[in-house]
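Reading through the structure tokens given below for one structure.
In the text below, chain A, chain B and the rest are named by the order of the sequence lines, each starting its count at 1.
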Amino acid sequence: DGGITQSPKYLFRKEGQNVTLSCEQNLNHDAMYWYRQDPGQGLRLIYYSQIVNDFQKGDIAEGYSVSREKKESFPLTVTSAQKNPTAFYLCASSTWTGDSGANVLTFGAGSRLTVL
Amino acid sequence: KNEVEQSPQNLTAQEGEFITINCSYSVGISALHWLQQHPGGGIVSLFMLSSGKKKHGRLIATINIQEKHSSLHITASHPRDSAVYICAVRYRGGWGGSNYKLTFGKGTLLTVNP
């Protein structure tokens, strides 16, 4: 079945360490996204990518980095520069059907990062 | 600032009740999504609307473009409907890349008791 796979589901990190969250999709979607979710807040966009080898900063990109070397993969690195990295991270992908902005949107199961 | 407001924040119902969750946004949009997030965190897309009404099983989503308002209705609610329901909009305008961006509401926590 097609879908998005995020790993790991749970991750613990010591302060000062970089960690990378994996996101893989087999939906043949062009666009991929990383969101952060904190209690009591809406999802916030970290980075997004429309096509391979291209990505754009979202609203809260500081302290994060991404790459898009393959259509299927969009890993997120949480660097030591991110001051408050403990959060739930969601990867998503979508199709694109033109100016209407209509698209199919699919989410992964999420990765919960805790900084010790 | 473009914002999405959901109400209520929390909703408790008895099994079988009719549920309504509301979503308001501030400027013109090209699409609105209703999403469901179960405990454990994964999110499922329920509906995408740009006008009118959509129905899937016991779920109905409506949108009023002039009033900048959407509602999600659940008929004959069941404990398995307990989840956080999230509204997200794609605002009009901007260059091609920004059309991919969604603005999310904070969610409505629905608890349906047996």
Kindly check if the number of other-residue, nucleotide or ligand heavy atoms within 6.0 Å of NZ (B:Lys106) is above 12? no

Using every non-hydrogen atom in the two residues, find where B:Ile43 and A:Phe107 come nearest and quote the distance to one decimal. O-CB, 3.4 Å

B:Ile60-B:Leu11 co-clustered via ILVMFWY side chain contacts under 4.5 Å: no

Using non-hydrogen atoms only, which part of A:Gln6 is less than 4.5 Å away from chain B: side chain, backbone, both, or neither? neither

Closest non-hydrogen atoms of B:Ser45 and A:Leu105, given as atom of the first, atom of the second and distance, are CB-O, 3.5 Å

Beyond-backbone contact of B:Leu102 with A:Tyr35, side-chain heavy atoms, under 4.5 angstrom: yes

Report yes or no: do B:Leu32 and B:Ile74 belong to one cluster of Ile/Leu/Val/Met/Phe/Trp/Tyr joined by side chain heavy-atom distances under 4.5 Å? yes

Does B:Gln9 CD have over 12 foreign heavy atoms under 6.0 Å away? no

Part of A:Asp54 within contact of chain B (heavy atom distance under 4.5 Å): neither

Looking at B:Gly105, B:Ala88, B:Gly107, B:Gly41, which has the largest count of heavy-atom pairs under 4.5 Å with chain A? B:Gly41

Does one hydrophobic cluster hold both A:Leu90 and B:Val84, with members joined at side-chain heavy-atom distances below 4.5 Å? yes

Rounded at 0.5 Å granularity, tell me how far CE in B:Met48 sits from OG in A:Ser94. 10.5 Å

By a 4.5 Å heavy-atom criterion (distance strictly below it), what part of B:Gln37 contacts chain A: side chain, backbone, both, or neither? side chain

Do the side chains of A:Tyr33 and A:Tyr89 join up, straight or via other hydrophobic residues, at under 4.5 Å, putting them in one cluster? no

Hphob cluster co-occupancy, A:Leu76 + A:Leu43, side-chain heavy atoms under 4.5 angstrom: no

Given heavy-atom pairs under 4.5 angstrom as the criterion, report whether the side chain, backbone, both or neither of B:Leu35 touches chain A. side chain

